[in-house]
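Numbers restart at 1 for each chain; the letters A, B, ... are given by sequence-line order, proteins then strands. Everything quoted here is computed from the prediction, not taken from an experiment.
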Number of protein chains: 2
Amino acid sequence: MTNIKEIAKRAGVSPSTVSRALSGKGYVSEEKKRRVLAAAEEFDYAPNLNALSLKTGITRRLGLVAPAFIESVSLFTGGFVRAAEENGYTVTLFMTGSDVSKELEALEALRRKQVDALVFVMFKSDLSLIASYTKYGPIVSWQRIIHPDVPSVFMNQYDGYMIALEHLYARGYRRICNIYGAPTRLNTQSRIDAFRDFCAKYELDPCACPSFDDMGNPSHGEQIVRWWLENGQIPDAFATTNDRVAAGMVAEARRLGLRIPEDFAVCGFDNLDFADMLDLTTIHYPVNEQAGNAFSIIRNRIEHIDLPLRPLKFHLVQRGTT
Amino acid sequence: MTNIKEIAKRAGVSPSTVSRALSGKGYVSEEKKRRVLAAAEEFDYAPNLNALSLKTGITRRLGLVAPAFIESVSLFTGGFVRAAEENGYTVTLFMTGSDVSKELEALEALRRKQVDALVFVMFKSDLSLIASYTKYGPIVSWQRIIHPDVPSVFMNQYDGYMIALEHLYARGYRRICNIYGAPTRLNTQSRIDAFRDFCAKYELDPCACPSFDDMGNPSHGEQIVRWWLENGQIPDAFATTNDRVAAGMVAEARRLGLRIPEDFAVCGFDNLDFADMLDLTTIHYPVNEQAGNAFSIIRNRIEHIDLPLRPLKFHLVQRGTT
DNA sequence: TGTTGACCTGAAATCGATGTCACAAATTAT
DNA sequence: ATAATTTGTGACATCGATTTCAGGTCAACA
């Protein structure tokens, strides 16, 4: 454990001078600077980060809070860690499994200065609880929320969903079935709005086809395909919550001998890894770059600078299912 | 920021007494204990973790080093974080992108006491370099290595691959083509050994069918299918590096109008998320529990206890491609 | 010659906790 | 009654850095 005192002794100076020589702040004669650097080299000295954090009150550590690290959360995490590390920050994980008590632990870690800031990928806690911790450090959310103290870098799913709908229309599909996620999410409302406006634009009946709520897994996709086979004529196309639901539909169709896109078309969402392997048309969004934006917001607040945010856009990835 | 001194002042005692009252170590009268607890409650006091780390030399933070956080690395990360958090540890990420200088940064973080220990999921650095940092804290590797100071919790791929081969044999496939990963990996050698022993057991010619080296992506799988169509009769079955290669083969077969498993069978490896959606037969391994074992090894070294490691086994997940 | 300011240095305070130590009071043992 | 423990408490040192402060040298300038 070579510490600053030993370096000072070896170089024949005081600890203050060692600190100055190594940090480059304040005056140090060339002569002593050389001696300090030599001693640091000789003892392979590296300052203790805990001491530094205690003294300065800054840890250069950020907390990332998520239920689990799979699918698009992995993409976000990767983008966030990259941006953080490029700027000399380090990222600590808090895995909640959607448990609010675990979310509270992450908030407490902020209060206890284990991290300088938090990014919530998804959460279930009361927004007011989370906001009350902003006095201990910046908090940013990926999940779409509205609060003056907790900025959110959400995807504008109105735009993304509209791209999917426009694409389906352009390919000639008119009877479109919406498969939505959790109805309480603001994102779901955006998609409903997009569909309403889409129908108005092309003079389609928004009620022509029933929609499905609270769908998110492959098994949901399978259920929907089977439901339609038993309950009337299957729609021309499905606009789905995400690629997982879409994958379930594709798999079930294959099993039942239905042809895609002839019998029905499917458009996914997220462009996850496997969408390519399944030849699934989907909507892509640069989640990793958005995570970079989340980091920029945090850094802006911590260092009182004004990094610009990168504007991001959805785009269609057309494959064989439409 | 309310610190221990303020609590002391409010409760009318010394900081030492506050520390004793809150930690439960040493003698404190009931009366003062109550006063301290009340003051701590009133000021919503939580000890500063940096001060604690500095004083005790223990951070209860672990570093996880990986090139990126996708696929099975995500599974490992999830399992590791869960085990760590259950035991009061926190996990800090180091994303290397296979860059040795980034790996060095993680090692330096250990030396500078930002973390108590490290787990390398995968690495490229010299093993001797990594081992030289074990004097600063325990280091464990998931990648299979052999070193007295750096334990590794690898998968015994001999067993896993043998299960795949036995399965293919049982289903009647005799002409089996091996698709291997990076030839320098110890894992690859294990698989080659498994195939040798498999052929000996059933008196098959190990050279009956050429094998492929250094394959790992869907595009590799596609290439292999096309290669066989141009270069002789396609084998009965393929035993593959991982699910990604297998998925590429399945996708290409579908595109070319080949039937699976009639024209050829495919067995994947890893049982990633999408294997189910692709109806891919594959070999499963409880990676998340193995990550739990990695954590146990670390905890054993840090706390000088002797937690047992959970024995883990591969198993076959049969689906439609065999 | 006196003043100003740049340069240089180390002692000491500080960050926020823990833990040792000395000492006093209360309790128990002899 | 005296000795030996147990209980209870605060002063102070410590972890390893940074930073303020006071004081010193030295050259330039009025």
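One side chain, Ser190(B) or Arg144(B), offers a donor N or O that lies under 3.5 Å from an acceptor on the other.
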Walk me through whether Asp116(A) and Thr59(A) qualify under side-chain hydrogen bond (donor to acceptor under 3.5 Å, both in side chains).
CA-CA 6 Å; Asp116(A) 292 337; Thr59(A) 63; 2.8 Å; yes
Trace of the salt bridge (Lys or Arg N to Asp or Glu O under 4.0 Å) decision for Glu42(B) with Arg10(B):
CA-CA 10 Å; Glu42(B) 181 186 349; Arg10(B) 183 81 176 96; 3.0 Å; yes
Which is it for Thr92(A) and Thr90(B) under the side-chain hydrogen bond (donor to acceptor under 3.5 Å, both in side chains) test, yes or no, and what are the steps along the way?
CA-CA 7 Å; Thr92(A) 295; Thr90(B) 229; 5.9 Å; no
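With axes fitted over five pairs at each extremity, the angle between the ends of the helix from dT1(C)-dA30(D) to dT30(C)-dA1(D) is 50° (10° resolution).
The stretch residues 23-32 of chain B touches DNA chain D through Tyr27(B), Val28(B), Ser29(B), Lys32(B), each having a heavy atom under 4.0 angstrom from the strand.
For dA17(D), its base never sits under 3.5 Å from the side chain of Ser53(A) at any donor and acceptor pair. No donor-acceptor contact under 3.5 Å links the side chain of Thr17(B) to the base of dG8(D). With hydrogens and angles ignored, no donor-acceptor pair closer than 3.5 Å exists between the side chain of Thr56(A) and the base of dA17(D). One can find a donor-acceptor pair under 3.5 Å joining the base of dG10(D) and the side-chain atoms of Arg20(B).
Residue Ser16(B) has its side chain nearest to dC12(D) when only dG10(C), dC12(D), dG16(D) are considered. In this structure, the nucleotide among dG10(C), dC15(C), dT14(D) sitting nearest to the side chain of Lys55(B) is dT14(D).
In this structure, Asn48(A) places its CG atom 17 Å from P of dT14(D), rounding to the nearest Å. The interatomic distance linking Ile58(A) (CD1) with dG16(C) (P) rounds to 13 Å, in whole Å. Separating the CD atom of Gln114(B) from the P atom of dG16(D) is a distance of 17 Å, rounded to the nearest angstrom. The distance from atom CG of Leu22(A) to atom P of dT18(D) is 8 Å, rounded to the nearest whole Å. For the pair Leu52(A) CG and dT18(D) P, the computed distance is 5 Å after rounding to whole Å. For Lys5(A) and dC15(D), the NZ to P distance is 6 Å, given to the nearest whole Å. For Arg111(A) and dA17(C), the CZ to P distance is 11 Å, given to the nearest whole Å. Distance NZ (Lys113(A)) to P (dG16(C)): 9 Å, rounded to an integer number of Å.
OP1 or OP2 of dT18(C) has at least one side-chain nitrogen or oxygen of Ser19(B) nearer than 4.0 Å.
Considering every non-hydrogen atom in both Arg61(B) and Asn50(A), the closest pair reads NH2-OD1, 4.0 Å. The two residues Ala182(A) and Thr188(A) have their closest heavy-atom pair at O-OG1, 2.6 Å.
Ranked by how close their nearest DNA chain D nucleotide is to the 5' end, Leu54(B) and Ser14(B) are led by Ser14(B).
Between Tyr136(B) and Tyr133(B), the ring planes lie tilted relative to each other; the angle falls in the 30° to 60° range.
Paired with Asp44(B) under the rule salt bridge (Lys or Arg N to Asp or Glu O under 4.0 Å), one option of Arg112(A), Arg111(A), Lys135(A) passes, and it is Arg111(A).
Arg35(A) meets the salt bridge (charged side-chain N to carboxylate O under 4.0 Å, His left out) test with Glu31(A); sequence neighbours excluded.
No side-chain heavy atom of Val140(A) sits less than 4.5 Å from a side-chain heavy atom of Val150(A).
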